[in-house]
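Keep in mind it's a predicted model, so treat the numbers as computed, not measured. Here is the naming used below: chain letters follow the sequence lines, and residue numbers restart at 1 for every chain.
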Amino acid sequence: MNDQFFSGLNPEQQDAVSTTDGPLLVLAGPGSGKTRVITHRISYLISQLSIDSQNILAVTFTNRAANEIKERINNMIMSRDAFNLRCGTFHSFCVYILRQHGNFIGLNQNFVIYDDSDQLQVINESLKELQIDHKRFPPRSLLASISKHKSNLLSYEVLSGASKNFYDEIVSRVYESYQKTLNSNSALDFDDLLMKAVQLLQNSQEIQEYYSGRYEHLMIDEFQDTNIAQYTLMRLLGKKHENICVVGDPNQSIYSWRNADIRNIFSFQNDYPNAKVIHLSQNYRSTQNILDAASKLISTNDTNIINKLWTNNGIGESLIIDEGYSEKEEAEKIIHEIERLVKVEKYKWDQCAIMYRVNAQSRVIEEACLSNKIPYKIVGGIKFYSRKEIRDVISYLKVVANPDDDLSIGRIINVPTRGIGSTSYNKIVDFAQTNNKTIYQTISEYNSIEELQELIGLTRRAATSLNIFSNLLQQLISDSKDRTPAEIIEKIIVDVGYQTFLQQDETNGLDRLENVMELKGLAIQLKETEEITSMTEYLDRIALVSDIDGLDTNENSITLITLHQSKGLEFPVVFIAGMEEGLLPHIRSMDDPVQLEEERRLCYVGITRAEKLLYLLRAYKRYGFGQGSQTSIPSRFLTDISELNIQSLEKTNSYSITPKTVFDPNTLHEEREDTAQVLDPIEIGTKVIHKSFGEGIVLLCTESGNDFVVDVHFSSTGKKKLLMSLANLEISKKSK
DNA sequence: CGCCGTACGGTTTTT
DNA sequence: CCGTACGGCG
C-alpha cells in the first residue's frame, strides 16, 4: 500500500513526505516538486496515518497556491474529509481566528481591513495633525517603516522614546497617531492581522492553550518569504506537537521589501535543534540549459546558498537572447515569436508567459497582443479595487459592516453629493473628536435637525442633509441583518442613488456603473460558490484575495505577469522582457548590494519558471519616467550568463531562430537611425488630429528638453497642453 | 456648497 | 500621459 502511495516520488521526496514526527526543514530548489511533497504529505497524514484533516494546517503564500493544493488533495484522496483541511495564507488564517476569538484581546468583532490606500490616507491625516511636512517625510516611506516595525512585532508603545535619530522619531510619532486612528475606527491593516493574532495567542492563556494544540501538523510553504510575525505565529501554533514542516528555497527569497526575513530559516534550525533537514535538488521542470543559466546567475550572489540544480530532462534548446530597438519592438518580437511557436511548433497559447519587472511594462505588450489579435490575460495589475466607483461602494459596505469606520464614512458622506461639504464635515469631525465619539455614534445620537444645528453648529441646510444621511445609514445597517451583500449593493445603487450619481458622468458613467455591477456579480457568485452571505465575510474575502479568479481560468491565452507574481508557477515557454540595467535590476535597488542580490534572485525565479524555452529580451531604447526615450545598457544578469549556449532571433519577418550566434551583451545592440523619433516643432496655426480629442489648431509650441510642449485648441474639448512625444499628433492634410 | 480650472507629482515588487 | 489636490468663482 505504501509502495503504491510513494510511486513517482524520489527517495528524498519520500523522506520529506513520510517524516511526520517532529520539526522538518525542506530546502528545495525550483521545480523540485515542492507542491507535490506538500500534497502528498497531507494525503499521507490523512489516508495512511488517519489524522483527521481538520487537525492539519497548511500555510501557503498566496490563495492561488492554497486552492491548487486543496484541489490536488481532493483528487488524491477523493473524500469529503479533505474539505475540512485548513489551507490558506497566514493572513486569511489570522482573520479566521480573530473573527472567532478577537474579543479576548478586546478587538471589535466587526473590524474592517484597511488596504494600502486606506493606510496612506490615515498617514496623510496624521501628518496634517502633527504638522509634519509630507515632502520631507513621504507618506509611503513612513508607511514602509511603520509596517516594518509591525512585522517585527514592535508596537508604538514599545518604540516610543527609543528613537535613535530624527527620522525614527518622526516615524514613531506618526506610528502612534496612525495606530490610534486605526484602533478607534476598529480597522486592522495587513500587519495588524498578524500582530493581533500573535497578541491573541500570547496574551490569553485560554486561547493559547487551545491553539497551541489545535493543529497536530503544521506545514508552511515558501518559508523563505515569511516575516518575524509569521514565524512567531508558527512557533505558537506548533508549540504542543512541534510537527512543523517548512519548505523553502533561500535563492527564491524575493519579498524582503515586504519584511520577509530569510533568517527565519536559520532560526528554525536554532529553535528546533532536533529538526531534520532534507534537500531536494533534482529538478523536474526545466531543461539543463535553463538550469545552467539559473545556476550561473545565482552563483554570482555572495550569499548564494549553493544548491546545484540538475535534471534528467536533457540539454534542451539554447537560451535565446535578443533586443528590440524600442520597447515596442521588443513586444512585437515576443508576440511574433509566440505566433511562430503556436503555428509552427504547435505550442498552445496558454503554454507561453511573458514576465516583467514592473507592471507598467505590461501596457506595451498588451497593445502588441491587441494589434496582433493574440489572446492574453494579465495577472494582477488590474486595479479593479482602486477604481473610484468601486472604492465608494466598498466604503458603504465597510460602514455597514462596521459603522465606527470614520475613514469610510468620510469617503461617502457626500457621495453622491448631498450638500455636506468640507466645512460641515470638519465641524462634525471636530465635534465627534472632542466628545470622544465616532462619527456614526455622533450623528445617530443627535438625530434631529435642531440638535445637529445647535450642538455641531451646522447650517440648517447641512443639518437637514446630515439628518437624511444618518437615517439612510441606519436603514442600511438594519437592513443588512437579513440581506446578502449583493442585495445591499443593489440598495446602494438604487436607493442611495449611486446609479443616478454615476449617470451624471456622461463620458464614463456607463463603464463605471458596469464596474459596480461586476462587484455585485462577484457577491452573487461568492454566495453560490463559497456560501459567503454576511457582509464581513464578503469584505474579508475581497481584502484577502487579490486576483479575480474564475475570470480567466481555463482560458487559452498567453499570460502576462510580473516576476514577483510568477513565483510558484511554471510554463513551457517563458519570455522575460526588459533585461536592462535600471529595470532588472531595478534602479531603486542598484546602489545597495543587498537589494541587488534580491534582484538577481528575482531574475532567477523568472528563469526557473521555464520548462522548455527561455527568451530574454531587452530594448535598446525605452521611454523613461521623465520624458523621451533613453538608451539602456544590457542587464548585468545577461553578462552573468553570457558564456553559455545562447542564440538570438533572426531579424526576418518570421523572427526564426539563428543557429549558433555567439552572444556578447555589449555588442548586441545596434545603433540605428531615429526614424519617427526625430521631433520637429510644429508651426503655429497648423491643423492637427489627436486620437481622442479629434481636430485642433496649434496655438503655441515651445521647446522643453528633447521635447516640445504644444498648446492646441481642439474643437471638441478646447485648449490642451500636450507633450509632443506622447501626444502622437497627426498633421492634418488640409493645412497647406 | 459645488463645479471647474490649473498645478503638480508620480512609477517596484503585494498578502 | 493620468489622476488627484487645491483654489477661485458662481
Side-chain angles (χ1 to χ4, degrees), chain A residues 59-66 88-95 113 115-117 119-121 124 134-135 138-140 144 147 151 189-194 222 225-227 229-230 254-260 355-363 379-381 383 385-388 414-425 458-459 461-462 465 504 508 540 543-547 561-567 578 582-590 595 598-599 601-603 605-606 623-627 690-692 707 709 717-728:
Chain A
V59 181
T60 53
F61 189 72
T62 61
N63 288 288
R64 185 195 64 214
T89 62
F90 265 115
H91 289 93
S92 54
F93 177 72
C94 289
V95 170
I113 301 170
D115 68 14
D116 187 74
S117 87
Q119 291 177 279
L120 277 177
Q121 196 170 331
N124 276 321
H134 69 277
K135 277 182 187 135
R140 279 200 178 275
S147 171
S151 301
D189 63 23
F190 272 89
D191 299 307
D192 284 332
L193 295 176
L194 302 170
E222 308 285 10
D225 284 319
T226 52
N227 64 25
Q230 291 165 328
I254 53 174
Y255 280 95
S256 69
W257 53 274
R258 221 175 63 189
N259 309 313
M355 302 176 184
Y356 35 80
R357 175 68 236 266
V358 300
N359 280 309
Q361 284 173 268
S362 69
R363 212 177 133 179
V379 180
K383 293 160 281 165
Y385 292 104
S386 52
R387 289 165 211 245
K388 251 193 280 61
N414 204 26
V415 178
T417 40
R418 48 171 72 87
I420 308 169
S422 59
T423 351
S424 302
Y425 176 66
L458 298 175
T459 60
R461 206 171 122 201
S465 303
Q504 289 164 12
N508 303 316
D540 285 350
L544 293 169
V545 181
S546 52
D547 47 316
I561 192 170
T562 62
L563 287 163
H564 280 92
Q565 291 203 92
S566 77
K567 191 168 77 157
L583 203 48
L584 184 63
H586 195 271
I587 188 139
R588 306 266 292 241
S589 307
M590 277 167 61
Q595 286 185 52
E598 182 148 314
E599 296 286 311
R601 290 195 294 271
L602 186 58
C603 185
V605 167
Y623 277 104
F625 320 97
Q627 58 234 39
H690 184 272
K691 224 165 65 185
S692 50
D707 212 334
V709 179
T717 45
K719 217 181 111 190
K720 291 265 176 199
K721 239 187 224 307
L722 302 167
L723 214 54
M724 193 185 296
S725 62
L726 297 167
N728 246 327

**Student:** Ring of F190(A) versus six-membered ring of dT15(B): centres under 5.5 Å and planes under 30°?
**Tutor:**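 It does: the ring sits over the base of dT15(B).
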**Student:** Mind checking what makes side-chain contact (heavy atoms from CB on, under 4.5 Å) contact with S147(A), not counting sequence neighbours?
**Tutor:**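 Checked S147(A) against side-chain contact (heavy atoms from CB on, under 4.5 Å); matches are S151(A), D191(A), N259(A).
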**Student:** Please classify the nucleic acid contact of D116(A) as base, sugar-phosphate, or nothing, using heavy-atom distances under 4.0 Å.
**Tutor:**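 Nothing, no heavy atom under 4.0 Å.
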**Student:** State which of dT13(B), dT11(B), dC3(B) makes the closest approach to the side chain of H564(A).
**Tutor:**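 Selected nucleotide: dT13(B).
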**Student:** Let me spell it out: for each of A360(A) and A462(A), pick the nucleotide of DNA chain B with the closest heavy atom. Which residue's pick is nearer the 5' end?
**Tutor:**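 Comparing both residues, the 5'-ward one is A462(A).
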**Student:** For Q565(A) and dT13(B), what is the distance between atoms CD and P respectively, to the nearest whole Å?
**Tutor:**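 Spelled out: CD on Q565(A) to P on dT13(B) is 10 Å.
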**Student:** For W257(A) and dT13(B), do the ring centres fall under 5.5 Å apart while the planes stay under 30° apart?
**Tutor:**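 Check passed, W257(A) stacks on base of dT13(B).
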**Student:** Let me spell it out: for each of Y425(A) and T62(A), pick the nucleotide of DNA chain B with the closest heavy atom. Which residue's pick is nearer the 5' end?
**Tutor:**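 Looking at DNA chain B, the more 5' nearest nucleotide goes with Y425(A).
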**Student:** Which part of the nucleic acid, if any, lies within contact of K567(A), taking any heavy atom under 4.0 Å across all strands shown: a base, the sugar-phosphate backbone alone, or nothing?
**Tutor:**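 No contact.
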**Student:** Between R258(A) and D225(A), does at least one N-O distance fall below 4.0 Å, as a salt bridge requires?
**Tutor:**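 D225(A) and R258(A): not salt-bridged.
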**Student:** Choosing from dG9(B), dT14(B), dC1(B), which nucleotide comes nearest the side chain of K135(A)?
**Tutor:**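 Nearest to the side chain of K135(A) among the choices is dG9(B).
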**Student:** Between dT14(B) atom C1' and F61(A) atom CZ, what is the distance in whole Å?
**Tutor:**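 It works out to 7 Å between those atoms.
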**Student:** Phosphate oxygens OP1/OP2 of dC1(B): is one of them under 4.0 Å from a side-chain N or O of T459(A)?
**Tutor:**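 Negative; the distance criterion is not met.
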**Student:** To the side chain of R258(A), which of dT15(B), dT11(B), dT13(B) is closest?
**Tutor:**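 For R258(A), the side-chain atoms sit closest to dT15(B).
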**Student:** Could you state the atom-to-atom distance from CG of D540(A) to P of dT15(B) in whole Å?
**Tutor:**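 Atom CG in D540(A) sits about 16 Å away from atom P in dT15(B).
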**Student:** Return the value, rounded to whole Å, for the distance between atom CD1 of I587(A) and atom P of dT13(B).
**Tutor:**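 Checked: the CD1 to P distance equals 15 Å.
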**Student:** Applying a 4.0 Å non-hydrogen cut-off, can you work out what S92(A) is touching in the nucleic acid: base, sugar-phosphate, or nothing?
**Tutor:**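 S92(A): no heavy atom of the nucleic acid under 4.0 Å.
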**Student:** Kindly express the pairing pattern of DNA chain C in dot-bracket notation, using | wherever a base pairs with another strand and counting only Watson-Crick or G-U pairs under 3.5 Å.
**Tutor:** .|||||||||
**Student:** Hey, does the side chain of N259(A) come within less than 4.0 Å of dT14(B)'s phosphate (OP1/OP2), counting only N and O?
**Tutor:**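 So the side chain of N259(A) is outside the cut-off, no N or O lying under 4.0 Å from OP1 or OP2 of dT14(B).
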**Student:** Could you tell me which residues satisfy side-chain contact (heavy atoms from CB on, under 4.5 Å) with D115(A), sequence neighbours excluded, listed by chain and number?
**Tutor:**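 Per chain and number, D115(A) pairs via side-chain contact (heavy atoms from CB on, under 4.5 Å) with S117(A), D118(A), R391(A).
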**Student:** For the pair made of CG in N124(A) and P in dG9(B), what is the distance, rounded to whole Å?
**Tutor:**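 Answer to the nearest Å: 14 Å.
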**Student:** Among residues at least two apart in sequence or on other chains, which ones pass salt bridge (charged side-chain N to carboxylate O under 4.0 Å, His left out) with R140(A)?
**Tutor:**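 For R140(A), the residues satisfying salt bridge (charged side-chain N to carboxylate O under 4.0 Å, His left out) (neighbours in sequence not counted) are D116(A).
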**Student:** Between dT13(B) atom P and N227(A) atom CG, what is the distance in whole Å?
**Tutor:**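 One finds 20 Å between P of dT13(B) and CG of N227(A), rounded.
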**Student:** When you get a sec, tell me which of dT15(B), dT4(C), dG2(B) is the closest nucleotide to the side chain of N414(A)?
**Tutor:**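 For the N414(A) side chain, the nearest candidate turns out to be dG2(B).
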**Student:** Just how far, in rounded Å, is P of dG2(B) from CD1 of I420(A)?
**Tutor:**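 My rounded result for the distance is 9 Å.
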**Student:** Below 6.0 angstrom between ring centroids: does that apply to Y255(A) and F61(A)?
**Tutor:**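 Distance test on ring centres: under 6.0 Å, yes.
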**Student:** Side chain of R588(A): nearest nucleotide among dT11(B), dT4(C), dC1(B)?
**Tutor:**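 Selected nucleotide: dT11(B).
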**Student:** What nucleotide, of dT15(B), dC3(B), dC1(B), holds the atom closest to the side chain of T417(A)?
**Tutor:**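 Selected nucleotide: dC3(B).
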**Student:** On the nucleotide dT14(B), are OP1 or OP2 found under 4.0 Å from the side-chain N or O atoms that N359(A) carries?
**Tutor:**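 For dT14(B), OP1 or OP2 has a side-chain N or O of N359(A) closer than 4.0 Å.
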**Student:** List in chain and number order the residues that pass side-chain contact (heavy atoms from CB on, under 4.5 Å) with R418(A), two or more places apart in sequence or in another chain; answer none if no residue qualifies.
**Tutor:**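 Per chain and number, R418(A) pairs via side-chain contact (heavy atoms from CB on, under 4.5 Å) with Y396(A), N414(A), P416(A), I420(A), F469(A), L472(A), V496(A).
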**Student:** Just to verify, what does Y425(A) make a side-chain contact (heavy atoms from CB on, under 4.5 Å) with, not counting sequence neighbours?
**Tutor:**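 Here the qualifying residues are I413(A), V429(A), I439(A).
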**Student:** Working note: V95(A) + L193(A), criterion side chain to side chain contact (heavy atoms under 4.5 Å, CB included); need CA distance, chi angles, decisive distance, verdict.
**Tutor:** CA-CA 6 Å; V95(A) 170; L193(A) 295 176; 3.8 Å; yes
**Student:** Are the aromatic rings of H564(A) and W257(A) close, with centres under 6.0 Å apart?
**Tutor:**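 Close enough - the centres of the two rings lie under 6.0 Å apart.
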**Student:** Can you tell me the distance, in whole Å, between the CG atom of L563(A) and the P atom of dT14(B)?
**Tutor:**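 These atoms are roughly 10 Å apart.
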